[in-house]
Amino acid sequence: TYPNPTILFIFFKQLDQIIIHQQVELLEAILGTETCSRYEIKNPLGQRVYFAVEENGCFDRKLCSPLRSFTISIADNAGREVIRVLRPLRCTSCCFPCFLQELEVQSPPGTVAGYVVQNWDPFLPKFTIQNESKEDVLKIIGPYATCGCFGDVDFEVKALDEMTTIGKISKYWSGFVNNVFTNTANFGIQVPVDLDVRIKAVMIGACFLIDLMFFENSLDGL
């Protein structure tokens, strides 16, 4: 039995900023072995509200990363699953515009909250946030270069006209030593506090997708 959705989204209704911290996996840090990603989802005070665990097979992680398909289960501190993120195996190349990335977010699990769809562009990372009816709601536009050697990397959240910026998803630069030896990620999501709570859940899915597409096998984009 899943939590009551009304209770579930009290956390999201109150926030305009969400922090996502990838946990350090000791085996991955020491041996360089790719393991399933784990994340803590925190409020601006640094308090953990949810945690997320990636579920997939060793074959996917070894041969398909960072294109791998996955299911990410997001649970509250009582261990109850509240959000499920589903990513099929698809392409990222601009040579295949009909088979680019698409991710589904369910909340509660089994009920679609929305989608993240990659848009074809020869130069910039672009995505569309859609609601449960696949109606376009927001755009996400990243920088030409995602290298964050000595600073943050911002993916701007924009209105559908792509002119008005209403928020951002930021990959925080966490220092050379941390990136070399652990390759962990720290993200911040900033959106209007009155944004639909279901779309806020979809933004978390977008953050996971951006992490795997642009930062999974890199040193902050290098």
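Legend: residues meeting salt bridge (Lys or Arg N to Asp or Glu O under 4.0 Å) with Glu104, ordered by chain and number and at least two apart, are absent. Under the ring-ring contact (aromatic ring centres under 6.0 Å, His included) criterion, Phe208 pairs with Tyr39, not counting sequence neighbours. The side-chain contact (heavy atoms from CB on, under 4.5 Å) check on Asp194 picks up Pro192, with sequence neighbours excluded. Applying the side-chain contact (heavy atoms from CB on, under 4.5 Å) criterion to Val191, with sequence neighbours excluded, gives Ile189, Leu195, Lys200, Met203. Shown here are the ring-ring contact (aromatic ring centres under 6.0 Å, His included) partners of Phe155, two or more places apart in sequence or in another chain: Phe214. Listed by chain and number, the residues in a side-chain contact (heavy atoms from CB on, under 4.5 Å) with Thr128 are Asn119, Gln130, Asp136, Lys139 (sequence neighbours excluded). With sequence neighbours excluded, the residues that form a salt bridge (Lys or Arg N to Asp or Glu O under 4.0 Å) with Glu40 are Lys42, Arg48. The salt bridge (Lys or Arg N to Asp or Glu O under 4.0 Å) search around Lys158 returns Glu156, not counting sequence neighbours. Partners of Asp16 by side chain to side chain donor-acceptor pair (under 3.5 Å), not counting sequence neighbours: none found. Thr111 meets the side-chain contact (heavy atoms from CB on, under 4.5 Å) test with Pro108; sequence neighbours excluded.
The minimum heavy-atom distance linking Ile19 with Gln17 is given by the pair CD1-NE2, 3.8 Å. The two residues Tyr172 and Gln190 have their closest heavy-atom pair at OH-NE2, 4.5 Å. Residues Ala113 and Ser107 approach most closely at CB-N, 4.1 Å, considering heavy atoms. The two residues Pro143 and Pro125 have their closest heavy-atom pair at O-CD, 3.1 Å. Residues Val116 and Gly205 share a closest heavy-atom pair of CG2-C, 4.5 Å. Nearest heavy atoms, Ile169 versus Cys207: CG2-SG, 4.1 Å.
A salt bridge links Glu102 to Lys134: at least one charged side-chain nitrogen sits closer than 4.0 Å to a carboxylate oxygen.
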**OP:** Check step by step if side chain to side chain contact (heavy atoms under 4.5 Å, CB included) holds for Leu103 and Phe70.
**Re:** CA-CA 10 Å; Leu103 179 147; Phe70 64 66; 4.1 Å; yes

**OP:** Evaluate side chain to side chain contact (heavy atoms under 4.5 Å, CB included) for Leu209 paired with Gln118, printing each intermediate quantity in order.
**Re:** CA-CA 10 Å; Leu209 181 60; Gln118 183 185 8; 5.8 Å; no

Original post:
After noting the C-alpha distance and the side-chain angles of Ile204 and Val85, does the key distance pass the side chain to side chain contact (heavy atoms under 4.5 Å, CB included) rule?
Top reply: CA-CA 9 Å; Ile204 292 179; Val85 181; 5.6 Å; no

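The shortest distance between side-chain heavy atoms of Leu15 and Pro44 falls below 4.5 Å. Looking only at side-chain heavy atoms (C-beta outward), Asn43 and Gln14 stay at 4.5 Å or farther from each other. Residues Val157 and Ile166 meet the side-chain proximity criterion, which asks for heavy atoms closer than 4.5 Å.
For the atom pair Asp152 CG and Lys168 NZ, the distance stands at 7.5 Å (nearest 0.5 Å). For the atom pair Met213 CE and Gln101 CD, the distance stands at 5.0 Å (nearest 0.5 Å). The distance from the CG atom of Leu212 to the CD atom of Glu54 is 6.0 Å, given to the nearest 0.5 Å. Atom-to-atom distance recorded for Phe127:CZ and Leu138:CG is 14.0 Å, nearest 0.5 angstrom.
Transitive grouping of hydrophobic side chains (ILVMFWY, heavy atoms separated by less than 4.5 Å) keeps Leu86 and Val105 in distinct clusters.
Here Ile141 sits in one hydrophobic cluster together with Phe123, Leu124, Tyr144; the rule is ILVMFWY side chains under 4.5 Å apart, joined directly or through other members.
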